[in-house]
Amino acid sequence: MSDVKSPEFPVASNFIHSMIDKDLEAGKYGGKIYTRFPPEPNGYLHIGHAKSICLNFTTAQKYSGACNLRYDDTNPVKEDVEYVESIEEDVKWLGFMWNRRLFASDYFDTMYECAVRLIQKGKAYVCQLTPEEIREYRGTLTEPGKESPFRNRPVAENLRLFEEMKQGQYREGEMVLRARIDMASPNINMRDPILYRIAHQTHHNTGDRWCIYPMYDYAHPLEDAIEGITHSICTLEFEDHRPLYDWVLQELEWPAPPQQIEFARLNLTNTVMSKRYLKALVDDGHVEGWDDPRMPTIAGLRRRGYTPEAIRDFCERIGVSKANSTVDISLLEHCIREDLKARVESRNVVENPIRVIITNYPEDRVEEMELENNKEAPELGTRKVPFSRELYIDGEDFQEFPEKKYFRLFPGNEVRLKGAYFITCQQVVKNPDGSVRELLCTYDPGTRSGGGFEGRKVKGTIHWVDAKTAVEITIRAYDHLMIKNEEGETVLNPDSLKVIRAMAEPALLEAKGGERFQFFRHGYYMADPVLTTDKKKVFNRIVDLKSSYK
RNA sequence: UGGGGUAUAGCCAAGCGGUAAGGCAACGGAUUCUGAUUCCGUCAUGCGAAGGUUCGAAUCCUUCUACCCUAGCCA
């Protein structure tokens with residue numbers, strides 16, 4: 001195979017690498033390791049797949065090999081082209097490039113020939129038991145199975161029947177091709193597992209060319225072997241299938257067969273990962289689609305504002321092992337904050353705005369205040385923001401009756417307006433209904449930011465926007481899609497999406513879909529690439545600022 | 001109940017006979033023109049339990065225990 005490598009990323013060592021190291025020391029595989037990422041195109045990729053993608057691609061990278069993207073499309077009833085397109089996009093977006101992009105269904109001819117060989121060897125037979133009978137004959141966890149009456153059919157008859165199955169002469173469920181192994185095996189997977197079933201279905205790739213389709217346990221080892229995969233990395237539930245994986249390749253006398261290694265799939269707190277459930281959320285209209293920013297899909301995380309760098313970093317940090325585990329979602333959130341804080345610009349945005357009038361500031365005066373875009377990254381420069389007599393401050397930055405240890409604005413208190421002046425709240429003006437209408441404040445002209453004023457300190461600094469030039473934006477703030485109720489069951493969170501109106505500095509009018517910012521005090525946001533238009537700016541909250549106040 | 005796995009801190013996770021890495025979370029403290037960031041510090045005499053081998057055990061042996069997977073013509 002041609003060795004097209006993905007961009008190189010740092011790789012943390014894990015138990016799979018240790019196993020590979022031993023193989024390599026034993027002189028196996030000629031020093032190169034080939035892997036594959038084999039999704040079934042029956043849904044969108046999620047963060048759990050990202051773990052597998054990172055593992056497979058970086059492992060191949062580490063050992064000078066390559067990784068294929070292969071669609072495991074052996075069951076036409078569940079699969080769709082919509083999904084193959086999204087999968088490709090998501091893998092690329094994560095930053096990986098496959099060596100080859102393949103369909104398992106492209107190997108159907110080879111798989112068929114291999115099945116014929118197994119029949120010829122007496123290792124497979126056509127069975128006409130009904131599905132119910134097959135289940136009964138299989139036995140139970142504690143009782144051995146019974147042999148099918150068709151088990152000792154002559155080879156020639158098996159060959160003829162299998163050919164006829166392929167020709168479409170039988171109905172679905174009427175017969176199957178089975179491996180001839182051991183009905184008394186303690187491993188139920190070895191009790192004459194089904195190799196081929198009949199399905200008169202149109203396949204997204206092969207159309208109506210086939211009406212028999214191979215089962216996963218038979219197809220997968222062949223797919224790996226055909227592609228020259230050395231290590232077939234899959235999840236824990238396939239551990240019991242490994243003897244069958246090995247059996248197929250051994251009976252076919254495949255030289256240098258690949259080896260299957262299992263690892264634990266990713267679980268995240270407050271997150272549902274099963275494709276079945278995610279599909280139901282989409283189909284039942286609980287979310288806007290597979291790319292809803294609340295979804296744990298790659299597409300959802302992308303639209304929410306997560307970066308590929310953050311997701312890759314997360315996948316490195318969680319490690320790889322065989323222990324069932326549930327990673328705390330706060331680690332993922334840490335990764336995106338860590339990535340964004342160094343490269344994203346800040347903007348002043350106030351939620352639940354409160355009007356502030358600086359009574360001693362000239363009515364017609366406008367100043368340009370220079371604000372740092374990112375304190376941690378001076379190379380991101382500064383921007384100019386207008387400042388005048390009437391401003392808005394954030395609803396959370398004023399308390400008429402301050403709680404203990406509150407050191408932002410309250411009557412009689414002085415705070416700094418970030419990048420501007422000290423102001424003191426002199427009077428609270430109320431609406432007829434008792435709510436706060438506006439705050440009358442005074443400013444100290446000697447305290448302008450950058451002026452070197454050292455006369456006195458204030459404990460609070462708050463952000464603001466100029467009332468005259470402020471633009472209104474819509475913020476979509478997300479919470480967990482799933483929460484636990486009183487009974488401890490995981491249920492849909494009715495408050496997973498909050499729409500917030502906010503006032504922002506005029507520069508945000510220029511924001512393009514996909515641009516990310518830090519909104520002071522509120523966390524990290526991204527202009528929604530789907531909803532943001534020239535007239536209407538919508539920002540998705542990626543993640544909160546980590547904070548202990550509130 | 002058969003078979004296959006897994007147990008190291010609140011959550012992940014290194015460790016592979018020489019005396020418990022690291023990250024997240026949490027909690028202190030310093031700095032701060034945003035209670036963020038940054039910086040420093042605390043956080044398992046303990047590795048599911050009990051025995052045993054050894055000068056020495058999370059690592060080896062024995063016996064338990066708990067949890068996960070497995071009886072699709074899904075993958």
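Lettering of chains follows the sequences in order, A, B, ..., and the numbering in each one begins at 1. Keep in mind that what you see is a predicted model, and the values were worked out from it rather than measured.
- When the nucleotides G35(B), U6(B), G72(B) are ranked by their closest atom to the side chain of Arg135(A), G72(B) comes out on top.
- Closest-nucleotide positions on RNA chain B for Ser13(A) and Lys404(A) were compared, and the one nearer the 5' end corresponds to Ser13(A).
- Of all nucleotides listed (U37(B), C33(B), G4(B)), G4(B) comes nearest to the side chain of Asp240(A).
- Ion pair Glu40(A)/Arg70(A) not flagged as a salt bridge, since none of the NZ, NE, NH1 or NH2 atoms sits closer than 4.0 Å to an Asp/Glu carboxylate oxygen.
- For C33(B), the OP1/OP2 oxygens have no side-chain nitrogen or oxygen of Ser449(A) closer than 4.0 Å.
- Between Phe150(A) and Tyr125(A), the ring center distance fails the sub-6.0 Å criterion.
- Taking atom P on both A58(B) and G2(B), the two are 32 Å apart, rounded to the nearest angstrom.
- Taking atom P on both G23(B) and C43(B), the two are 14 Å apart, rounded to the nearest angstrom.
- For A14(B), the OP1/OP2 oxygens have no side-chain nitrogen or oxygen of Arg317(A) closer than 4.0 Å.
- A sub-4.0 Å separation between OP1 or OP2 of C11(B) and a side-chain N or O of Ser325(A) is absent.
- The side chain of Leu331(A) has C24(B) as its nearest neighbour among C24(B), G72(B), A7(B).
- One P atom belongs to G4(B), the other to A44(B), and the distance between them is 38 Å to the nearest Å.
- Residue contacts shown for Val176(A) include a base, since a base heavy atom lies under 4.0 Å away.
- The ring of Phe263(A) has its center no closer than 6.0 angstrom to the ring center of Phe15(A).
- Each of Asp73(A) and Phe407(A) was matched to the nucleotide of RNA chain B holding its nearest heavy atom; the match closer to the 5' end belongs to Phe407(A).
- With ring centers used as reference points, Tyr245(A) lies 6.0 Å or more from His241(A).
- Contacts of Thr235(A) with the nucleic acid, taken as non-hydrogen atoms under 4.0 Å apart, are absent.
- In this structure, Lys546(A) reaches the A25(B) phosphate: one of its side-chain N or O atoms is under 4.0 Å from OP1 or OP2.
- The side chain of Arg276(A) contributes no N or O atom lying less than 4.0 Å from OP1 or OP2 of C74(B).
- Taking atom P in both A49(B) and C39(B), one finds a spacing of 36 Å when rounded to whole Å.
- Taking the ring centroids of Tyr525(A) and Phe519(A), they lie under the 6.0 Å cut-off.
- In this structure, His220(A) reaches neither bases nor backbone, as no heavy-atom distance under 4.0 Å exists between it and the strands shown.
- When each of Ile500(A), Ile475(A), Val465(A) is checked for a side chain to side chain contact (heavy atoms under 4.5 Å, CB included) with Val349(A), only Ile475(A) meets the rule.
- Of the candidates C73(B), C24(B), A13(B), C24(B) carries the atom nearest the His334(A) side chain, counting heavy atoms from C-beta on.
- Contact annotation for Tyr213(A): no contact, since no heavy-atom pair falls under 4.0 Å across all strands.
- Nucleic acid contact for Val415(A): none, since no nucleic acid atom lies under 4.0 Å from a heavy atom of the residue.
- Lys78(A) has no side-chain polar atom (N or O) that falls below the 4.0 Å cut-off from OP1 or OP2 of A75(B).
- The 12-atom threshold is not exceeded at CZ of Arg265(A), counting heavy atoms of other residues, nucleotides or ligands nearer than 6.0 Å.
- If you check A7(B) for Watson-Crick or wobble pairing at under 3.5 angstrom, you find it paired to U65(B).
- Taking side-chain N and O atoms only, Arg191(A) has no distance below 4.0 Å to OP1 or OP2 of G3(B).
- A9(B) and U1(B): their C1' atoms are spaced 36 Å apart (whole Å).
- Note on Glu372(A) versus Arg383(A): no salt bridge recorded, every NZ/NE/NH1/NH2 to OD/OE distance being 4.0 Å or above.
- The aromatic rings of Phe162(A) and Tyr112(A) lie parallel to each other, their planes meeting at an angle below 30°, with 60° marking the opposite boundary.
- G72(B) adopts a syn glycosidic conformation, its chi angle falling within 90° of 0.
- Atom C1' of G15(B) sits at a distance of 8 Å from the matching atom of A20(B), rounded to the whole Å.
- Within 4.0 Å of Asp313(A), counting heavy atoms only, lies no atom of the nucleic acid at all.
- Taking atom NZ of Lys322(A) as the reference point, atom P of A14(B) lies 13 Å away to the nearest angstrom.
- Nucleic acid contact for Thr269(A): none, since no nucleic acid atom lies under 4.0 Å from a heavy atom of the residue.
- Taking only side-chain atoms of Tyr406(A), from C-beta outward, the nucleotide of A71(B), G35(B), A13(B) with the closest atom is G35(B).
- Between Arg521(A) and G35(B), a side-chain N or O to OP1/OP2 separation shorter than 4.0 Å is present.
- Rounded to the nearest Å, the gap between the C1' atom of C12(B) and that of U54(B) is 33 Å.
- Using a 4.0 Å heavy-atom distance criterion, Met215(A) is classed as a sugar-phosphate-only contact.
- Nucleic acid contact for Ile134(A): base, since at least one base atom lies under 4.0 Å from a heavy atom of the residue.
- The separation of G10(B) from U42(B), taken at their C1' atoms, amounts to 16 Å, rounded to a whole angstrom.
- For Glu239(A), the side-chain atoms get nearest to G4(B) when compared with the rest of C24(B), G35(B), G4(B).
- Within 4.0 Å (heavy atoms only), Gly523(A) reaches no atom of the nucleic acid at all.
- Across A25(B), C74(B), A71(B), the shortest atom-to-atom separation from the side chain of Ser330(A) is found for A25(B).
- Here the nucleotide nearest the side chain of Asn187(A), chosen from C12(B), C74(B), G3(B), is G3(B).
- In the set A7(B), G2(B), C69(B), G2(B) carries the atom at the smallest distance from any side-chain atom of Leu141(A).
- Side-chain N/O atoms of Arg408(A) include none lying less than 4.0 angstrom from OP1 or OP2 on C33(B).
- At the phosphate of U32(B), neither OP1 nor OP2 sits under 4.0 Å from any side-chain N or O atom of Lys457(A).
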